[in-house]
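Being a predicted model, the structure only gives us computed values, none of them experimental. In what follows, every chain begins at residue 1, and chains take the letters A, B, ... in the order their sequences are listed.
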2 protein chains.
Amino acid sequence: MRSMVRQAHHKKESHARLTGGRVSESTVRRLSLYYRGLSTFEREGYKTISSKDLAKEGRLTPAQVRKDLSFFGSFGTRGLGYPVKELKEKIARILGLNRTWNVALVGVGNVGSALVSYKEFPKQGFNIKLLFDNDQRKINKNHKGIQVFDVKDLASKLKEHKIDLVILAVPASAAQAVTDDVVSAGVKSILNFAPTHIKVPDDVTLRSVNMAMELEHLSFSLVNKGYPLKF
Amino acid sequence: MRSMVRQAHHKKESHARLTGGRVSESTVRRLSLYYRGLSTFEREGYKTISSKDLAKEGRLTPAQVRKDLSFFGSFGTRGLGYPVKELKEKIARILGLNRTWNVALVGVGNVGSALVSYKEFPKQGFNIKLLFDNDQRKINKNHKGIQVFDVKDLASKLKEHKIDLVILAVPASAAQAVTDDVVSAGVKSILNFAPTHIKVPDDVTLRSVNMAMELEHLSFSLVNKGYPLKF
DNA sequence: TTAATATTGTGAAATTGTTCACAAGTTTGA
DNA sequence: TCAAACTTGTGAACAATTTCACAATATTAA
Ligand SMILES: NC(=O)c1ccc[n+]([C@@H]2O[C@H](COP(=O)([O-])OP(=O)(O)OC[C@H]3O[C@@H](n4cnc5c(N)ncnc54)[C@H](O)[C@@H]3O)[C@@H](O)[C@H]2O)c1
Ligand SMILES: NC(=O)c1ccc[n+]([C@@H]2O[C@H](COP(=O)([O-])OP(=O)(O)OC[C@H]3O[C@@H](n4cnc5c(N)ncnc54)[C@H](O)[C@@H]3O)[C@@H](O)[C@H]2O)c1
């Protein structure tokens, strides 16, 4: 009797890595959505969840959910669905939410102040550790318990405090110059609120929140009401 | 001598309307980008601009620019490019920026206050006319020159003042209920800042600014640094 | 034990979005 | 007046993304 061929049973690597496959921006955005959905389902006591139900949170198709998740591995059980708690943890790991990040904020104005006082960010692991401004009236004062430093010292302080991520809430006219300083300090992630195009090297990730653009989108849809649009 | 065949010379209709063609969300977003670019070029004194130069503002390809614009008509001149001032006005018209909009804001908290004091919105035609809150300490007080109304009167006031667009800056837990009121008042455009999924009827356009999602995107890119990603 | 039902994971098909490539038209300079 | 240099507008090719469809597997109930 010949011995049975042993099944290769090492832990299956994710599709994304195996294929050198690329994860699209939309997939990452939806991962955030799933994460939020799973938090809700967990709170409501669900132990497992189907791609169908997960899809409802966000007007997606079940196939889309399964495809997105399959990029990172096989997390579900056929016939049953996905284990809520476990999948939530897997996504947290994928999104980098299973740890804390050191954040600095530049521009302690209207937007900056709102962000500093927002309680949800620390809960998600984003800790605002340093504040910067160029206004002498704000420098060296405490702002909600955090000292405001002179933006002149930006690069050195960012390095000193091992800042992972910088939020930019300065006027558009200052955004590029501040960004260049941030980049020179080796920071690889920037969230920008200034309504302007900023140049960064390829290895730096820049995301922008552009409220004017969102309003323009809305006024576009008001003006074009009635014509067949895609969204 | 026979008379020349007269060229049909009626105003050419745009591709979008002719084809029943659909304008993608990305195209609208890029239109905002072009608009901003054109404003800059106009300020700098340019009379015409090529798709090539317009593309640089935003890391796009010239073909993309031409394709986007061709959805709405033929605005350029072969060999020359696009007339800056004229194209800017055309895009303003497409995006609905050649007029003013009546805006109401619900939730005069950190984010709401920042938005109320932002000077750029009125310049773009978005006039915040009404404020609402459910906090008795804020109701009937003036906030930067604008009276704060009780959210109980939301629907009636929105109709009374012919509000086109509502900004939601309330806690996530209140977002759906407030939205339902807004929708019942016949408002067709909503900009939401609460980090939650909101349901609206198909004829209502909802855009959301979700800062947590942007941060999650950034932490994802920090965690996945080095793997071949698409962005 | 079996049938009926549920649900994943994933190639393949369909759809959507982007880039190419070039004819057509414009300008510039000799 | 002509040629060289530009640049648009757009069909067609290509690429990316989404949806379909179904085999594989688990659960439940009789
Ligand atoms: N306020 C809003 O609702 C709103 C809406 C959309 C976009 N934005 C954009 O967000 C950004 C911030 O807006 P805001 O309303 O908070 O402005 P703001 O004027 O209230 O605050 C800007 C802060 O940046 C500081 N600053 C200026 N130049 C600086 C520099 N070189 N280095 C460090 N600090 C500097 C200022 O001293 C000020 O404290 C702007 O780009 C604005 O266009 C704001
Ligand atoms: N502050 C930030 O930086 C930040 C960042 C990301 C997201 N957000 C989101 O933006 C929204 C607003 O945040 P915020 O920091 O301004 O909160 P906030 O608590 O400062 O303000 C919320 C305001 O809404 C009012 N309100 C509550 N329930 C209401 C109701 N049913 N009707 C009318 N008004 C009501 C409150 O009285 C308060 O004035 C929240 O959903 C928050 O999660 C805020």
Just the rounded figure in Å: distance from [atom2] of [N] to [atom1] of [X].
X: A:L69; N: C:dT10; atom1: CG; atom2: C1'; result: 13 Å
X: B:F71; N: C:dT19; atom1: CZ; atom2: C1'; result: 14 Å
X: B:K56; N: D:dT7; atom1: NZ; atom2: P; result: 10 Å
X: B:Q64; N: C:dA21; atom1: CD; atom2: C1'; result: 16 Å
X: A:E25; N: C:dT18; atom1: CD; atom2: P; result: 12 Å
X: B:D68; N: D:dG9; atom1: CG; atom2: C1'; result: 13 Å
X: A:I49; N: C:dT7; atom1: CD1; atom2: C1'; result: 12 Å
X: A:L54; N: C:dA6; atom1: CG; atom2: C1'; result: 16 Å

Verify the contact: side-chain N or O of A:R30 to OP1 or OP2 of D:dT18, cut-off strictly under 4.0 Å; return yes or no.
yes
Hey, are B:R93 and B:E89 close enough for a salt bridge, meaning a charged N less than 4.0 Å from a carboxylate O?
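Result for this pair is no, no salt bridge flagged.
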Do any of residues 76-87 of chain A sit with a heavy atom less than 4.0 Å from DNA chain C, and if so which?
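Residues of residues 76-87 of chain A that come under 4.0 Å of DNA chain C are, in numerical order, A:G76, A:T77, A:R78, A:G79, A:L80, A:G81, A:Y82.
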Please name the residue in the list A:R29, A:R36, A:R30 that meets the salt bridge (Lys or Arg N to Asp or Glu O under 4.0 Å) test with B:E216.
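In the set A:R29, A:R36, A:R30, the residue that makes a salt bridge (Lys or Arg N to Asp or Glu O under 4.0 Å) with B:E216 is A:R36.
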Pick from A:D164, A:D203, A:D202: which one makes a salt bridge (Lys or Arg N to Asp or Glu O under 4.0 Å) with A:K188?
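Only one of A:D164, A:D203, A:D202 forms a salt bridge (Lys or Arg N to Asp or Glu O under 4.0 Å) with A:K188, namely A:D203.
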Taking for A:A63 and for B:R66 the nucleotide of DNA chain D with the nearest heavy atom, the one nearer the 5' end belongs to B:R66
Report the nucleotide, chosen from D:dT10, C:dG11, C:dT7, that has the shortest atom-to-atom distance to any side-chain atom of A:K67.
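Minimum distance to the A:K67 side chain belongs to C:dG11.
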Atom OG in A:S189, atom CD in B:E214: separation rounded to 0.5 Å?
11.5 Å
For a quick check of understanding: with a heavy-atom distance under 4.0 Å over all strands, which category does B:S51 fall into, base, sugar-phosphate or nothing?
sugar-phosphate
Sugar-phosphate only, base, or nothing, as touched by A:K52 at under 4.0 Å among non-hydrogen atoms
nothing
Return yes when atom CZ of A:F75 has more than 12 non-hydrogen atoms of other residues, nucleotides or ligands closer than 6.0 Å, and no otherwise.
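Enclosed.
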Kindly determine whether A:K162 and A:N102 satisfy side chain to side chain donor-acceptor pair (under 3.5 Å), including the steps that lead there.
CA-CA 7 Å; A:K162 299 195 185 334; A:N102 293 329; over 6 Å; no
Is A:Y82 close to A:R66 at the side-chain level, that is, under 4.5 Å between some pair of heavy atoms?
yes
